[in-house]
Visitor: 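Take a look at this one; I'll ask things after.
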Amino acid sequence: MKPIIWIATSLGVTALLAGCGPKPSATPPHGKANVAYAGSLAEVNDQVIGPNFSQATGYQYLGQGGGSFGMAQKLASHTINANVFESVGYAPIQILEPKLTRWAVSFASSPLVIAFNPKSRYGPELTAIQHGKKPLKDLFRLMQSPGFRLGRTNPGTDPQGQAFYMMVELAQKHFHLPPDTTEKVLGAPDNPHQVYSEEGILTLLQSGSLDAASAFLSEAQQRHLDYIPLPRTLNFADPSENAWYHQASVKTPSGVVHGSALTIDITTVGKVTPAAQSFIHFVLGPRGRALMQKAGYTTFPAHLYGTRSAVPKKIRAELS
Amino acid sequence: MNRIVTGIGTLVLVLLFLPLAVLVAHAGSLTAALSSAENRMALYTTLTSGILALAVDMLLGVPLSWFLSRRLSPGWQRFWGTCLIIPMLMPPLVLGLVLAYLAGPASPVMLTNTFLGLVVAEVYESLPFFVFAAWGYLRTIPRSLEEDAWALGKTPRETFRYVLWPLAATGFAVAGAMAWARIVGAFGGPIVVAYHPSALPVQIWIILQEQGLPAALGLALWLMVAVLPLPVWLNWRYGRAER
Amino acid sequence: MLSVNVKSPHVTGQATFAPGMVALVGLSGAGKTSLFRLIAGLDIGGDVTVHGQSLASRHPWERPIRYVPQRPSLVPHKTIGSQVTWVQRMDNAVLKEWISLLALEPLWHRLPRELSGGEQQRAALIRALATDPEILLLDEALSAVDRPHRLAIWDALKGLWPRDRLLIFSTHDWTDAETWADTITYLEAGRLHAPQTARNVTPLTAQMARLMGFLGAIPLTPNQWLWLHPASLGVGAWPEAPCILPGRASVTALTPLSARYTLHIQGRTFRWTGPPRETGPQDDRVSIFQPVITPFGEENRE
C-alpha cells in the first residue's frame, strides 16, 4: 500500500529532523524513555517522576497521556509510539498482549474519592460528610435526591468509570442499603445524565455544573478539590481486598467486568530498550515510590501479571 | 515558474487527499460501524444537532455579517475584523472548558449533557467561522449596486431581495459549508459539555477506546459520507451566482 | 422645476432648471458626477427642491429623480429584461417603442456581462426610462455607445422627451450639448455656473471658451474682447453676451517661430503676431489656428 510507505517515510524523516528517532542510541545515557500513560497520571509523570528520572539516570523522558483504553488501542495500532505503557488497571495492557508485551507489574494505586463542589446546593451536607460529622452512609441517600447532579466517567472506556459504578454496588452491600440504591443513584451504566468525558468532568465540577463527581485522590489533590475519602473496602485501591471488589460487576459494551483494585500497572511496549527498562526500574524503586506517595498514590509491593520469564532482568530484580 | 506552481499544486493535492485514502484503506467494515445502535444514534445526533446549529449560525451570522460589512465604517470594520479573529483562534478544547462555566450555573437552563448543550457547543465552535467567511464575501459586493437601485426608485428592502440577496447567498452558502465542517467536526466543546448525547466525533473517540482503531475509522468514514452532501449541495446550488 | 443650491467639497453653486433637456458641461473631474449624486440624494451637501418642495428629508428612492451613472450600473446576475421589468412604471406600449428605438430586443434575455460597453449603456438607459421618471439624470450615459446609435438615441430623446419633464445630461463635448440641449449649464473645478440658453451662450471662463471651440480672444477695449472661433467671431464683454460677427483672417509666416495674423472684420483690420499655424494656408478661415496658438486675454474674472 503506497500511502503507508509515504507516511512511514515522512514519519522517519520527521523523527530524524527532530533528533528523536524511536531507536535508542548505542550509548545508554542518550536513550529516551517514551512513556504512554493513563490521563490521570499526567501530572505525577510529567512534573515529578519524569524530571527526577532524567536527573537520576541521564536518560531523556517523554510522556503522552490519554484514556487507558484509548492509549492501548493506539499503541496496538501503532498510531503512537512509546516504549513504556503505564495504565490504570491490567485490562488495557491485555490489549497489547501478546504482541507488544507479555507481562505487567502493578505497584501503586490511587484511591477513588468523591470530589464535590462546596458551593453547590448540597455543599453543606457534603462538607459535613467530608468532615465525618455525618456518616458516609448518608452520601448514598443524598446522591439519590432528585436534583443531585452526579458526574462519573464512561464504564465502557474508563476503568475509573467502572470502579465508581461498582463502588456504589459495594456500598449498598456494605451499608445494608435498600436493594434499589445502585439503580437510584446511578441508573444505567451509561446513564447519559451522569456520564461525562474524563477530559471534562472535573472542569464541570469546578464550574458548578456538577454537585459531585468521581475522581482519584491524586486528581483531587492536584486540582485542590474538596473530596470525600472512601474506606479501603470502597476505594478500589487495595489489591488485598480484590476478593471483595470482585463481588461487584458492571456491564459494558465489551462484556461484564468484575471488580478488582484499580492498580497502576506498568510494562514495556515492543522491543525493550535500556531507557524503558531504566524508567520502570526507577519507578518501582524506593525513590519512585516516595514520589508517588507524595502525589497522593498508595504504593504496595510490586505484583506481577502475565509471564514472569518475559520480564526484563533488571526489573525482575524488583519483584519480591 | 509555471511548472513549479503546477508541481507544488499537484503535490499538495495528493497530500490533502492522503488522509482520506488512509481512512478508506484502514476503515473497518462500513456496515459493522452502523450495526451498533449507539453509532446510528450518534450519526442521527450529529445530523440533527448539526442542522440545528447551522440554522442558528445562519440566523445569527447573517445579520451580524451584514451589519459588519454594510453598516460599519471601514475603520470599525477593520477593528471588528481583527476582534473576530480572537474567538476563531480559541482552541476548541479551551472553548469547551469556558463553555463549562457558561453552560453551568450561569445558564438559565442546565445545558451540560443535553441536546441543547451540544447544539450550543457546536454553534460556539462554528459561528465565528461563519461570520468571518460571510463577512469577507459580503465586503466584495460593491456598495454602488445598492445605490444604483435606490436611484431607480427601489427601496432598500426591494434592493436587498432582488439585487443583494442572490449575490450574498453565494457568500452565505460558502460560509455555511465552512460552518458545517466545523459543526460536524466539533470535538473540544462537546467532549467537555456534551459527552452525551454523543455526536459522531465524541462517539468515534469512545469507539476508539472501546473497540480500537479500525472500528473508529469505520465510523469516521460514515462521518464523512453523512456530512458531505450538505456542503456539496450548497456549493452546487449557490456557488455559481454571477458576479 | 428643479432648483439646486449645493455646497459640498466637490461642487458649489446654485441653479434653477426649467423642464426640457439640459446639458451639464464640464471637463472630467469638474464635479458633474458629484452634482448628480447630490441631486439624486446619494450624497448630502446643500439643498435640492422640486416644484418648490425641499427634498432634504427624502431618501433617494423617495425622490422623483432617476439617475444613470457613468460606470456600468446593471444588476450583474439578472437579465436585461428582468431588471427593466423590475423597475417598470412606464406604459407597456411606450416602453416597447423605446425598446425598438434602442435596438434592445435581441439583448432582452441576456446578462449584462454578455453585452458590450455600449450595449450595457443602452440597457441602463432603457431601465431608467422604464421608471417613467419626472426628472432624469444621465451622467455621460451614452459615452460608450457607437456614433450611429448615439445620434439616433439623442434624436429620439429630443423628439419624445415630454415637455413638462426634466432631463439633465452631462457631457464634455460642446457639440453634443449645443445640438441636443435647450439649456446649458457649465461646471468648472466644482463651481456651478448659471444655466444659459443653448442658442446663445457666453463663455464664462477661458476653459469654457476653449471647450466651446473658441481659439482665443483679443482685447478690443478694456472691457471688450474679440472671441475667435473656427466658424465665427464674437465681440462681447463680460458678462454681457457677445455678438457673433463674420470675418476674414490671414496669416503670414515671419520666422519659423512666429507669424503675422491679419483679421478683417466690419471694415476694421486687426494685426497681431503669434506662433505660426500648423496647417496649410487657408487665409479665409480662422479655423487654421490650433487652440493653443493664441493666448487668451487676461482672465481677471477667474
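These values consider heavy atoms only, across backbone and side chains, with no hydrogens, waters or symmetry-generated copies. Note on naming: letters A, B, ... go to the chains in the order of the sequence lines (proteins, then strands), and numbering restarts at 1 for each one.
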Visitor: Based on non-hydrogen pairs under 4.5 Å, which of A/Met71, A/His193, A/Gln194, A/Lys74 is most in contact with chain B?
Guide: A/Lys74

Visitor: With only heavy atoms counted, which part of A/Asp190 is less than 4.5 Å from chain B, the side chain, the backbone, both or neither?
Guide: both

Visitor: With chain B, which of A/Gly70, A/Pro192, A/Gly200 has the greatest number of heavy-atom pairs at distances under 4.5 Å?
Guide: A/Pro192

Visitor: Between A/Gln160 and A/Ser214, does any side-chain donor sit less than 3.5 Å from a side-chain acceptor?
Guide: yes

Visitor: So A/Tyr196 and A/Leu204, side chain to side chain contact (heavy atoms under 4.5 Å, CB included) or not? Walk me through it.
Guide: CA-CA 9 Å; A/Tyr196 294 87; A/Leu204 290 170; 3.2 Å; yes

Visitor: Once you measure the plane-to-plane angle for B/Phe187 and B/Trp205, does it fall in the parallel (<30°), tilted (30-60°) or perpendicular (>60°) bin?
Guide: perpendicular

Visitor: Using the six-membered ring of B/Phe129, assess whether NZ or CZ of B/Arg182 lies under 6.0 Å from its centre and within 45 degrees of the ring axis.
Guide: yes

Visitor: With a 4.5 angstrom heavy-atom cut-off, is it the side chain or the backbone of A/Thr79 that approaches chain B, or both, or neither?
Guide: side chain

Visitor: So does B/Asn39 get a backbone contact from the side chain of B/Ser36, meaning a donor-acceptor N/O pair under 3.5 Å?
Guide: yes

Visitor: With chain B, which of A/Gln206, A/Gln73, A/Glu198, A/Glu199 has the greatest number of heavy-atom pairs at distances under 4.5 Å?
Guide: A/Gln73

Visitor: Under a 4.5 Å heavy-atom cut-off, does chain A meet the side chain of B/Gln211, its backbone, both or neither?
Guide: backbone

